[in-house]
There are 2 protein chains.
Amino acid sequence: MLEQRIDHKQSQRRVTISDMSAALGLTKSTVSRALNNYPDISDATRLRVTRMAEKMGYRPLSHAQAIRTGRTKSLGLVIQLSEHDAHRPFLAEFLAGVSLGASDEGYTLTVASSKSDADTQAIFRGMLQDRKADGFILQRTLRDDPRVRLLRSMDVPFVLFGRTADSEDCAWLDVAGEDAIADAVDHLVGLGHKRIGYIGGGLPYNYSALRRAGFEAAMTRQGLSMDPDIMRDGAMTRADGAAASADILSAKVPPTAIICAVDMAALGVYQTAERFGLTIGSDLSILSYDGIPEGAHATPPLSTYAVDFTACGRGLSRLLIRRISGEKPENLRELTTATFLDRGSTGVPVLQPDAVARRVAHQPIS
Amino acid sequence: MLEQRIDHKQSQRRVTISDMSAALGLTKSTVSRALNNYPDISDATRLRVTRMAEKMGYRPLSHAQAIRTGRTKSLGLVIQLSEHDAHRPFLAEFLAGVSLGASDEGYTLTVASSKSDADTQAIFRGMLQDRKADGFILQRTLRDDPRVRLLRSMDVPFVLFGRTADSEDCAWLDVAGEDAIADAVDHLVGLGHKRIGYIGGGLPYNYSALRRAGFEAAMTRQGLSMDPDIMRDGAMTRADGAAASADILSAKVPPTAIICAVDMAALGVYQTAERFGLTIGSDLSILSYDGIPEGAHATPPLSTYAVDFTACGRGLSRLLIRRISGEKPENLRELTTATFLDRGSTGVPVLQPDAVARRVAHQPIS
DNA sequence: ACCCTTGCCGAAACCGGTTTCGGAAATCAC
DNA sequence: GTGATTTCCGAAACCGGTTTCGGCAAGGGT
């Protein structure tokens with residue numbers, strides 16, 4: 001009667017290691033060591049134990065393990081509230097990927113959010129002390145990232161989404177944004193563009209440097225000159241992109257195409273282009289990077305190099321788990337590529353730079 | 001030497017309950033009961049213990065507590081991958097709110113994601129068995145929600161973001177969307193609109209019914225007739241909104257204003273309006289609900305009733321924690337309101353319905 | 001035949017807490 | 001002043017695992 005009520009309430013009692021040892025006629029300690037691959041357990045016994053575990057559906061309670069081992073089977077993710085607009089649109093997919101990758105391996109994902117850098121450090125410390133996470137995933141790494149310094153000094157496993165300046169002993173997963181941007185240059189040159197502007201991302205972010213480097217490398221390779229007048233950095237939001245492009249298009253010799261390091265900035269360019277009466281895809285070509293859904297619904301749809309953030313998240317979880325398991329960081333690196341979505345914001349140049357300049361000059365500055 | 005290395009590595013050893021009992025000259029059990037407000041501890045001792053805990057910075061290790069009490073001090077959030085576009089934009093803010101609310105009370109947030117309904121149920125079960133969560137936050141509740149049924153039957157604490165058809169013994173937090181939509185009607189009537197269309201959200205979602213009810217109530221109150229020809233339901237994405245509005249605007253007597261239950265759908269109406277050559281804010285007024293950032297950057301900016309999702313998330317965490325602590329669900333309900341953002345997609349009607357109809361008729365169906 | 005390994009498992013301590021139980025001292029009733 | 005309650009704390013078991021240690025039996029060497 002009572003048992004039934006209890007049984008009803010917590011649905012199903014967990015199988016404990018004692019249940020296992022009773023069923024097998026072994027001691028708890030033997031069962032535990034068998035499952036943890038201790039060398040002093042015979043293969044026969046180990047097999048018997050794993051079989052029984054399978055049969056009885058035994059899974060060690062991670063909390064119980066945690067108090068002895070210090071490891072919890074959970075990954076930590078700290079999202080910074082101040083994160084720029086540019087990173088927000090794909091948080092959902094990224095998060096989905098991370099959590100799927102974690103649960104695939106029997107890990108869970110613990111999420112915290114912080115308001116500032118100092119806050120982030122405190123959260124790391126707190127989560128570690130409380131053993132809420134065995135390691136961390138760091139997104140959007142900076143060139144010189146304080147988080148990396150902290151975790152490294154505490155000897156805590158972590159994995160970076162995005163390389164950093166000094167990735168020496170770090171595990172990371174990244175997308176070759178530099179290659180994508182270089183490809184963008186080639187694509188535009190193929191269409192006949194010779195004067196190409198560039199709007200880069202926030203300089204603290206490491207990817208900004210990489211993408212810009214990709215741009216410069218491709219431009220030189222193509223034998224095209226680069227003019228600081230039509231290159232800007234630090235554009236993360238729509239407003240940034242609008243401002244930067246207004247600047248660039250007002251140059252003495254404006255570009256016929258602009259490459260943006262970040263989709264969000266590219267959408268800002270749309271605003272400016274409209275203001276200047278420039279038709280995107282003909283008067284002005286735009287090529288960008290990220291693949292946010294919004295870009296598909298702009299007019300014309302934004303051509304961009306899209307990143308599969310779900311896949312990235314999944315990969316990061318896997319890498320981190322392997323790192324936690326003790327693998328060397330050197331073996332835990334993955335460089336993926338973005339896929340080009342040719343959606344319609346580029347075309348052969350119908351205007352020469354001087355014609356663009358005249359258009360711009362005739363528009364109200366508003 | 002060795003100690004130093006250890007100290008260096010795990011930064012700082014935790015203060016355990018044994019440290020406390022040693023420092024106080026009491027037994028572990030007394031310390032524990034003092035902190036857990038057992039009645040058989042004298043006030044004097046309790047005070048001494050709490051003071052010392054403060055001084056030494058003692059916090060019980062939740063994993064250790066978990067294996068005895070079954071409670072972990074963590075909240076569960078399962079995000080469904082299939083979730084519509086309409087819900088994605090504010091996941092970031094919502095998540096931030098939830099995690100902040102959790103950590104404010106010393107709880108952590110465990111996030112999992114699922115691909116299907118069945119998946120979700122399995123995840124609930126798994127997380128409960130593994131004691132990974134003491135309770136759950138359910139977002140975007142359906143009118144008849146299987147998650148509610150499951151958790152209720154398992155007697156697990158949970159809190160709803162959005163009321164559901166049968167919220168009897170549920171704790172919930174919601175935004176009075178029906179009031180907002182009703183206010184939208186009043187606002188448009190105040191501008192002189194008499195023929196107002198409505199594009200509702202996905203019918204399974206409970207809020208869709210509420211918002212529609214708000215629309216209908218306000219329309220009747222204003223003495224305006226409702227015409228099924230200019231009312232649609234189930235629009236969650238931009239595409240849905242575009243299709244629904246094309247339908248509505250092609251009616252015999254099209255509306256001069258449209259109210260959308262969801263911002264995303266409203267952005268679809270923008271596409272249709274452009275296609276039909278209707279200027280938003282004069283030829284056609286649009287009023288919507290949600291407050292996604294994208295709306296602010298549409299042309300013209302979308303007027304909408306914005307929800308503070310961070311605040312909602314925070315509130316939900318708080319409610320859930322109180323629920324876990326044993327409070328009755330009846331006392332755990334909060335109804336907040338959306339705030340009107342008058343951004344520019346409405347205006348006095350410059351066209352009569354028949355004029356709108358003529359415009360529409362002259363446009364290519366493309 | 002003897003000693004020394006080696007392989008393999010059980011016993012017991014331990015991790016950091018919670019909870020039950022029992023009993024000593026203090027308070028109360030009369 | 002005695003017995004019956006309370007009040008309050010310590011002792012010990014317990015939760016579900018991990019890990020150290022020790023020892024028995026089988027195998028190897030000579």
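Letters go in sequence order (proteins before strands), and every chain restarts at 1.
Within the structure, a side-chain polar atom (N or O) of B/Ser42 is placed less than 4.0 Å from OP1 or OP2 of D/dC9. Phosphate contact (OP1/OP2 of D/dT18, side-chain N/O of A/Gln65, threshold under 4.0 Å): present. Using a 4.0 Å cut-off, some side-chain N or O of A/Thr45 falls inside it from OP1 or OP2 of C/dC9. In this model, the phosphate group of D/dG10 is approached by a side-chain N or O of B/Thr30 to a distance below 4.0 Å at OP1 or OP2. Regarding contacts with the backbone of D/dG17, a side-chain N or O of A/Tyr58 is found under 4.0 angstrom from either OP1 or OP2.
Separating the CZ atom of B/Arg46 from the C1' atom of D/dC9 is a distance of 13 Å, rounded to the nearest angstrom. A straight line from NZ of B/Lys28 to P of C/dT20 spans 16 Å, rounded to a whole angstrom. We find that CZ of B/Arg71 is positioned 21 Å from P of C/dG16, with the value rounded to whole Å. Computed from coordinates, the B/Asp40 CG to C/dT18 C1' distance equals 13 Å when rounded to whole Å. Rounded to an integer number of Å, the gap from A/Ile67 CD1 to C/dC15 C1' is 4 Å. The CG-C1' distance, from B/Asp19 to C/dC15, rounds to 13 Å in whole Å. Taking atom CG of A/Leu35 as the reference point, atom C1' of D/dT19 lies 15 Å away to the nearest angstrom. Distance CG (A/Leu24) to P (C/dC8): 17 Å, rounded to an integer number of Å.
Under a 4.0 Å N-O distance rule, the pair B/Lys328/B/Asp169 does not qualify as a salt bridge. Comment: B/Arg149 engages B/Asp144 in a salt bridge, judged by a side-chain N to carboxylate O separation of less than 4.0 angstrom. Of the charged side-chain nitrogens involved, at least one lies within less than 4.0 Å of a carboxylate oxygen, so that B/Arg59 and A/Asp130 count as a salt-bridged pair.
Residue contacts for B/Ser29: at a heavy-atom cut-off of 4.0 Å it reaches a base atom on one of the strands shown. B/Ser18 comes within 4.0 angstrom of nothing in the nucleic acid, heavy atoms only.
Side-chain proximity of A/Ile17 to the nucleotides D/dT18, C/dG17, D/dC15 is greatest for D/dT18. Side chain of B/Ser32, nearest nucleotide from C/dT19, C/dC9, D/dT19: C/dT19. Checked against D/dT18, D/dG10, C/dG16, the side chain of B/Ala64 finds its nearest nucleotide in C/dG16. Of all nucleotides listed (D/dG16, D/dT20, C/dC8), D/dG16 comes nearest to the side chain of A/Arg13. Here the nucleotide nearest the side chain of B/Ile41, chosen from C/dG16, C/dT19, D/dC9, is D/dC9. Closest to the side chain of B/Tyr38, out of C/dC8, C/dT20, D/dG17, is C/dT20.
Checked options A/Thr141, A/Asp174, A/Asn206; the residue passing with A/Arg163 is A/Asp174 (criterion: side chain to side chain donor-acceptor pair (under 3.5 Å)). Of the listed residues (A/Arg322, A/Arg333, A/Arg318), just one forms a salt bridge (Lys or Arg N to Asp or Glu O under 4.0 Å) with A/Glu327, and that residue is A/Arg322.
Neither side chain, A/Ser113 nor A/Gln80, offers a donor N or O lying under 3.5 Å from an acceptor on the other.
A donor and an acceptor atom sit less than 3.5 Å apart, one in the side chain of B/Arg33 and one in the base of D/dG10.
Nearer the 5' end of DNA chain D, as judged by each residue's closest nucleotide, is the contact made by B/Ala44, out of B/Ala44 and A/Pro60.
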